[in-house]
Amino acid sequence: MKLFVTRIVLALRHFQQWLVAQLAFGFLTVLKILPADPAINFADWLMRKVGPRTRRHGLMLTNLRNALPEKSEAEREEIAVASWGHMGRLAAEYVFLDQLFDFDPERQGEGRIEVSGIPLFLELRDHPRPFIVFTAHTANFELLPVAGAAFGLYVSVLFRPPNNPYIAEKVFDFRKKRMGKLVPSHAGSSFALARQLEAGGGVGVLVDQKFKKGVTTSFFGRPVKTNPLLAKLARQFDCDVYPARCVRLPGNRFRLEIEPKIDLPRTATGQLDVTATAQMLNDKVESWVREYPEQWLWYHDRWNIKGSLDLG
């Protein structure tokens, strides 16, 4: 009897995931009917209306109160609503990514995409060596590996698949056609990235994800657990580490930035300091978020506080 009930529960869960995926795919299919700009603007408008009515909005406001206490409640509400709009844009931009990414190194300044740090892209491409590029969930972060590919610079990208398996499959198929090698985040992902670095290639990682285990650091002055993977790989292969981010500009335009390599902190014995490096990554991401707070995904439970909130 217990096995039967378990199977029923699993079947209902899979049906729920399938239904959510179909609704999401249906919405994106409808957006395809529209030109890119009206579709993206509509998705922004819709999420600004729907997002604040969800239970997750409470988590966003709590995160903002904790991270930006110097701002007024009205300012934090404005940032939260704008962040919902950003998420709507991010979803819609998946549909039009091939149209949006119109950057041509030979015709700079003529399209939606502008790139800062082009000499670094070219230098990494023309002088192959192990390197790591890190970014955060700011603006349309998916555009960064696409930009690398446009310059002939392919990296192995570590990504966390969506929890919904039907959406995860679609997202994976979409990404692999436009980016470098994809490495799903799981127990063996560190070995796949290590092999890429050992072969003299580059890897890309998001460093602002929630991580239950890891080194104790701070983010916006509050304690968080940070994944030490990037620091450990950099220590093992003694490779350069570069910050990169996407900034959303008015008019559905974007600026992609790759910054000069950072000097990683070391211990008194000269060995790379894993905890201090993890903190350095947090500090860099925090500086990005403070500059454009509405472009970060505040609905993430980065500080692991959801259990203390009444989110249903």
Q: May I ask whether L64 and V81 are part of the same hydrophobic cluster, defined by side-chain heavy atoms of I, L, V, M, F, W, Y residues being less than 4.5 angstrom apart, directly or through others?
A: no
Q.
With heavy-atom distances below 4.5 Å as the criterion, would you say the side chains of K225 and T216 are in contact?
A. yes
Q | Whether R125 side chain and F151 backbone form a donor-acceptor pair below 3.5 Å | A | yes
Q | Closest heavy-atom pair and its distance - L256, A147 | A | CD1-CB, 3.4 Å
(Q) Ignoring hydrogens, what is the shortest heavy-atom contact between I113 and V115? Give both atom names and the distance. (A) CG2-CG2, 4.1 Å
Q | Hydrophobic cluster membership, M87 vs V289, 4.5 Å side-chain cutoff | A | yes
**Q.** Any side-chain heavy-atom pair of L272 and D238 under 4.5 Å
**A.** no
Q.
With rounding to the nearest 0.5 angstrom, report the OG1 to CD distance, T135 to E142.
A. 10.5 Å
(Q) Testing the basics here: between C239 and L233, what is the closest heavy-atom pair and its distance to 0.1 Å? (A) SG-O, 4.3 Å
Q: Could you check R290, R76, R65 and say which one makes a salt bridge (Lys or Arg N to Asp or Glu O under 4.0 Å) with E70?
A: R290
Q) Among side-chain atoms of N282 and T217, is any donor-acceptor pair under 3.5 angstrom? A) yes
(Q) Test of understanding: with salt bridge (Lys or Arg N to Asp or Glu O under 4.0 Å), list the residues that count as partners of K71, not counting sequence neighbours. (A) none
Q. Going through the checks in order, is the side chain to side chain contact (heavy atoms under 4.5 Å, CB included) test met by V224 and N304?
A. CA-CA 8 Å; V224 291; N304 196 28; over 6 Å; no
(Q) Tell me whether N63 contacts the main-chain N or O of H300 through its side chain, where contact means a donor paired with an acceptor under 3.5 Å. (A) yes
**Q.** Verdict with supporting geometry, V205 and V207, side chain to side chain contact (heavy atoms under 4.5 Å, CB included)
**A.** CA-CA 6 Å; V205 296; V207 296; 3.9 Å; yes
Q. Are L143 and I118 connected in a single hydrophobic cluster, I mean Ile/Leu/Val/Met/Phe/Trp/Tyr linked by side-chain heavy atoms less than 4.5 Å apart?
A. yes
(Q) Please verify the inter-ring angle class for W303 with F219; under 30° counts as parallel, over 60° as perpendicular, anything in between as tilted. (A) parallel
Q.
Tell me the closest heavy-atom pair linking P228 and V274, and the distance in Å.
A. CB-CG1, 3.7 Å
Q. Would you find a donor on one side and an acceptor on the other, under 3.5 Å apart, between the side chain of R245 and the backbone of P243?
A. no
Q) Side chains of I40 and D44: closer than 4.5 Å at any heavy-atom pair? A) no
**Q.** Other residues, nucleotides, ligands: >12 heavy atoms within 6.0 Å of E77 CD
**A.** yes
Q: Carefully, step by step, assess N252 and N41 under the rule side chain to side chain contact (heavy atoms under 4.5 Å, CB included).
A: CA-CA 9 Å; N252 294 321; N41 293 338; 3.5 Å; yes
Q | Any donor-acceptor N/O pair, S83 side chain to I79 backbone, under 3.5 Å | A | no
**Q.** Any N227 side-chain heavy atom under 4.5 Å of Q209 side chain
**A.** no
Q: Hydrophobic side-chain clustering at under 4.5 Å (ILVMFWY, transitive links): who's grouped with Y292? Put none if nobody.
A: V247, L249
(Q) If I take atom CG from residue L120 and atom CG from residue D240, how far apart are they, to the nearest 0.5 angstrom? (A) 10.0 Å
Q) Same cluster or not: are V203 and I262 linked, directly or through other Ile, Leu, Val, Met, Phe, Trp or Tyr residues, by side-chain heavy atoms under 4.5 angstrom apart? A) yes
Q) Rounded to the nearest 0.5 Å, how far apart are CG of N140 and CG of L90? A) 5.0 Å
Q: Treating Ile, Leu, Val, Met, Phe, Trp and Tyr as nodes and any side-chain heavy-atom pair under 4.5 angstrom as an edge, say whether F220 and W288 lie in one connected cluster.
A: yes
Q) Considering residues at least two apart in sequence or located in another chain, which fulfil the side chain to side chain donor-acceptor pair (under 3.5 Å) criterion with R112? A) D37
Q. Which one of E294, R56, K49, R89 satisfies the side-chain contact (heavy atoms from CB on, under 4.5 Å) criterion with W84?
A. R56
Q) How long is the span from the NE2 atom in H57 to the CH2 atom in W298, to the nearest 0.5 Å? A) 13.5 Å
**Q.** Working for side chain to side chain contact (heavy atoms under 4.5 Å, CB included), residues I132 and L197
**A.** CA-CA 8 Å; I132 301 174; L197 293 171; 4.3 Å; yes
Q. Taking only residues two or more places apart in sequence or in another chain, which ones pass side chain to side chain donor-acceptor pair (under 3.5 Å) with S116?
A. none
Q) Are the charged groups of K210 and D301 less than 4.0 angstrom apart, N to O? A) yes
Q: State the CD-CD distance between E257 and E114, to the nearest 0.5 angstrom.
A: 8.5 Å
Q. Between A43 and G88, what is the shortest heavy-atom contact and its length?
A. CB-O, 3.3 Å
**Q.** Under the side chain to side chain donor-acceptor pair (under 3.5 Å) test, residues paired with D208 that sit two or more places apart
**A.** H137, W296
Q. Side-chain contact, heavy-atom cut-off 4.5 Å: R248 with R255?
A. no
Q) Does any N or O in the side chain of E75 come within less than 3.5 Å of the main-chain N or O of S72, such that one atom is a donor and the other an acceptor? A) yes
(Q) Between Y242 and F134, is there a side-chain heavy-atom distance shorter than 4.5 Å? (A) no
Q.
I need the H86 NE2 to Q295 CD distance, nearest 0.5 Å.
A. 7.0 Å
**Q.** Partner residues of S218 under the side chain to side chain donor-acceptor pair (under 3.5 Å) criterion, sequence neighbours left out
**A.** Q279
Q) For D263, does the CG atom sit with more than 12 other heavy atoms under 6.0 Å from it, leaving out its own atoms? A) no
